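As structure tokens, the structure follows; a few thoughts come after it.
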Amino acid sequence: MEENNTSADMQDNQSLDEQNSQELQTKKKRGGFTSKIGFVLAAAGSAVGLGNIWRFPYLAAKYGGGIFLLTYIVLAVTFGFVLMIAEIALGRKTGMSAINAFKKLNKKWAFLGVLCAIIPIIILPYYSVIGGWVGKYFFTYITGGGASAAGDNFFNAFITSPWQPLLFFFIFVSIVFVVVLFGVEKGVEKVSKFLMPALVLLTIGVTIYALTMPGSAEGIKYYLLPDFKKFSVKTVLAALGQLFYSMSLAMGIMITYGSYMKKQDKIESSVHQIEVFDTGIALLSGLMIIPAAYAFSGGNPETLGQGPGLMFVALPKVFANFGNVGGGILGALFFALVLFAALTSAISLMETVVSIVIDKFHLSRKKSSVIVYVGTLLLGIPSSLGFGVWSAVSVGGMTILDMFDFLSNSILMPIAALLTCVFIGYVVGCQNLTDEIELNGPFKFKKFFNVMIKYVCPICIAAILVTSILDAFGVFNI
Ligand code: PFF
């Protein structure tokens with residue numbers, strides 16, 4: 001009997017030990033989460049990436065400048081704020097990542113975890129294609145080719161080349177894979193504490209310079225003054241998709257981050273900080289790129305709607321003004337820092353996808369990482385070739401990359417966000433989450449949160465989605 005007890009105890013102890021060491025490992029992996037500022041920095045590190053520096057400016061240029069900016073800010077302080085609070089609270093309450101969090105609270109809603117899991121799987125490959133483009137520019141600058149990068153046809157020649165974008169995409173994904181495989185994200189996180197502020201300072205510097213260039217005044221007006229005639233449901237859909245993308249919302253990421261947050265840390269104020277940081281960098285990037293693009297295109301808004309190439313076309317021309325040496329150093333520094341921001345975001349994306357594969361298929365970390373690596377390469381190839389060899393392939397007038405981008409940001413994320421609101425508002429109950437948020441102090445925006453989650457967010461998102469789908473099918477034109 002005693003012996004039995006002992007062996008049972010031993011087994012218990014062993015499993016407790018295993019659990020403890022697992023917890024410890026998880027904690028180690030997400031070591032920054034021992035303090036609130038650590039949590040904010042880690043979440044902001046995932047949030048700030050190509051979405052802010054590359055995607056926001058080109059969307060703002062495409063969707064009417066000031067009116068897009070205004071729509072984005074309004075959505076950020078309403079939808080963005082509420083959804084980020086909801087996701088972090090959901091994660092902290094359940095202590096689980098998205099794929100299990102929904103299931104834990106209601107078995108029938110497990111599908112929403114799966115939907116959230118699909119989104120990063122779609123984003124990672126094409127995110128890495130753009131990461132590869134940044135890598136190419138960095139490489140061009142450090143090898144002394146800054147002057148050619150400012151040439152009119154440089155960007156186009158690069159993305160239409162049959163193998164160059166593929167090569168840089170391959171290198172980018174491989175770096176991300178190595179970091180995830182060897183679990184050295186911690187080291188990357190440490191360095192990012194210095195490099196991210198450096199990126200912000202450099203962006204401020206370049207912005208100030210770009211704003212003083214002749215011809216930029218028109219661009220500043222275009223970017224800052226809303227023209228209400230340019231407002232349409234498409235503006236709202238684009239801004240909403242961008243908001244989710246930029247803040248890493250509606251794809252389960254913030255649920256996972258929340259699951260590692262300490263109970264005594266304040267959710268509400270953390271969200272304010274992450275939001276201000278993320279939105280601030282996006283707005284600044286727009287201010288750096290759009291007036292410059294305006295100045296170089298001779299105030300031709302048509303050229304402004306360059307699409308995904310805007311940053312790559314406009315900035316080298318700004319750097320070229322500093323001469324061969326100065327411009328070369330500036331360009332190399334800038335693209336190195338953007339590359340770093342892209343890498344940290346891609347690492348957090350791949351990390352998420354790897355843990356989904358581990359959870360779902362119960363494979364080792366190594367095997368899962370290899371599967372995700374190969375899968376990312378395969379899925380990214382069409383996006384990369386879509387600008388060159390496969391440029392004839394277009395879905396609804398979009399390139400392959402644009403199509404993946406549209407599918408994740410403008411369709412799946414709004415659906416995931418809508419369902420998350422319904423889940424919280426009507427299945428789990430807002431009270432359940434607000435209790436979690438109030439664990440350590442009052443929740444100032446509680447009433448606002450409840451009304452937004454139950455009524456405003458789901459109704460508005462549904463309306464935006466239905467209108468744009470009807471528009472896509474040509475039922476009416478918006
Ligand atoms: N929010 C990132 C950006 O703006 O670049 C994109 C992203 C990174 C989304 C990491 C999701 C994620 F897990």
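What you see is a predicted model, and the numbers here were worked out from it, not measured in a lab.
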Q | Among Gln431, Lys93, Arg92, side chain to side chain donor-acceptor pair (under 3.5 Å) partner for Glu436 | A | Arg92
Q. Parallel under 30°, tilted from 30 to 60°, perpendicular over 60°: which one fits the rings of Phe81 and His272?
A. parallel
Q.
Return the CD1 to SG distance between Ile99 and Cys116, rounded to the nearest 0.5 Å.
A. 9.0 Å
(Q) Determine whether a donor-acceptor pair (N or O, by modelled atom type, separation under 3.5 Å) exists between the side chain of Asn409 and the backbone of Asp405. (A) yes
Q) Within a strict 4.5 Å, meaning less than it, do heavy atoms of the Phe39 and Ile274 side chains meet? A) yes
**Q.** Pairwise side-chain contact, Arg55 with Leu59, heavy-atom cut-off 4.5 Å (strictly under)
**A.** yes
Q) Counting only heavy atoms not in Phe182, do more than 12 fall under 6.0 Å of its CZ? A) no
Q: Quickly, which of Leu240, Ile123, Ile122 forms a side-chain contact (heavy atoms from CB on, under 4.5 Å) with Met413? Name it, please.
A: Ile123
**Q.** Ring centres under 6.0 angstrom apart (Trp109, Phe423)
**A.** yes
Q.
Under 4.0 Å between a side-chain nitrogen and a carboxylate oxygen: does that hold for Lys444 and Glu268?
A. no
Q) Are more than 12 heavy atoms from other residues, nucleotides or ligands located less than 6.0 Å from atom OH of Tyr209? A) yes
(Q) I'd like to know if the side chain of Ser384 and the backbone of Ile381 have a donor-acceptor N/O pair within less than 3.5 Å. (A) no
Q) What distance do Leu343 atom CG and Leu349 atom CG have between them, rounded to the nearest 0.5 Å? A) 11.5 Å
(Q) So Lys36 and Lys262, do their side chains get closer than 4.5 Å, heavy atoms only? (A) no
Q: Could you tell me whether a side-chain N or O of Thr256 sits under 3.5 Å from a main-chain N or O of Gly252, the two making a donor and an acceptor?
A: yes
**Q.** 4.5 Å side-chain heavy-atom contact, Phe102 and Phe111
**A.** no
Q. Tell me, do Leu199 and Val338 make a side-chain contact under 4.5 Å, heavy atoms counted?
A. yes
Q. With ring centroids as reference points, do Phe177 and Tyr373 lie under 6.0 angstrom apart?
A. yes
Q | Nearest-0.5 Å distance that lies between atom CG in Leu330 and atom CZ in Phe319 | A | 5.0 Å
Q) Between Ser97 and Ser259, is there a donor-acceptor pair closer than 3.5 Å when you use the side chain of the first and the backbone of the second? A) no
Q. Quick one: does Met452's side chain get under 4.5 Å of Phe448's, heavy atoms only?
A. yes
Q. Any donor and acceptor pair, going by atom type alone, linking the side chain of Thr78 with main-chain N or O of Val74 inside 3.5 Å?
A. yes
Q: Locate the shortest heavy-atom distance separating Ile253 from Ser248; write the atom from each residue and the value.
A: CB-O, 3.7 Å
**Q.** Under 3.5 Å side-chain donor-acceptor pair for Asn440 and Asp265
**A.** no
Q: Output yes when a side-chain donor or acceptor of Tyr126 lies under 3.5 Å from a complementary backbone atom of Gly380, and no otherwise.
A: no
Q) Ring centres of Tyr72 and Phe56 under 6.0 Å apart? A) yes
Q) When the ring centroid of Trp54 is compared with that of Tyr58, is the distance short of 6.0 Å? A) yes
Q | Pairwise distance OG(Ser128) to CE(Met350) - rounded to 0.5 angstrom | A | 6.5 Å
Q: Working to the nearest 0.5 Å, report the span between CZ of Phe404 and CG of Leu124.
A: 12.0 Å
Q.
A cation-pi test, strictly: NZ or CZ of Lys234 under 6.0 Å from the centre of the six-membered ring of Tyr63 and no more than 45 degrees from its axis. Yes or no?
A. no
Q.
Which heavy atom of Met288 sits nearest to which heavy atom of Ala210, and what is that distance?
A. O-CB, 3.7 Å
Q. Quick one: are Val233 and Ile464 in side-chain contact, heavy atoms under 4.5 Å?
A. yes
Q: Look at atom NZ of Lys263 and say whether more than 12 heavy atoms of other residues, nucleotides or ligands are closer to it than 6.0 Å.
A: yes
Q: May I have the step-by-step check of side-chain contact (heavy atoms from CB on, under 4.5 Å) for Phe172 and Leu339, ending in yes or no?
A: CA-CA 9 Å; Phe172 185 89; Leu339 184 61; 4.0 Å; yes
(Q) Checking side-chain polar atoms at under 3.5 Å, does Ser408 have a donor or acceptor matched by the opposite partner on Tyr245? (A) no
Q. To the nearest 0.5 Å, what is the distance between CG (Leu433) and CG (Asn450)?
A. 9.5 Å
Q: Could you tell me which non-hydrogen atom of Ile358 sits nearest to which non-hydrogen atom of Ser364, and how far apart they are?
A: CG1-O, 4.4 Å
Q. Is the distance between the ring centroids of Phe312 and Trp133 less than 6.0 Å?
A. yes
Q) Between the side chain of Ser410 and the main-chain N/O of Leu407, is any donor-acceptor distance below 3.5 Å? A) no
Q | Pairwise side-chain contact, Ser348 with Tyr257, heavy-atom cut-off 4.5 Å (strictly under) | A | yes
Q.
If only side-chain N and O atoms count, and only distance matters, is there a donor-acceptor pair under 3.5 Å linking Asn52 with Ser285?
A. no
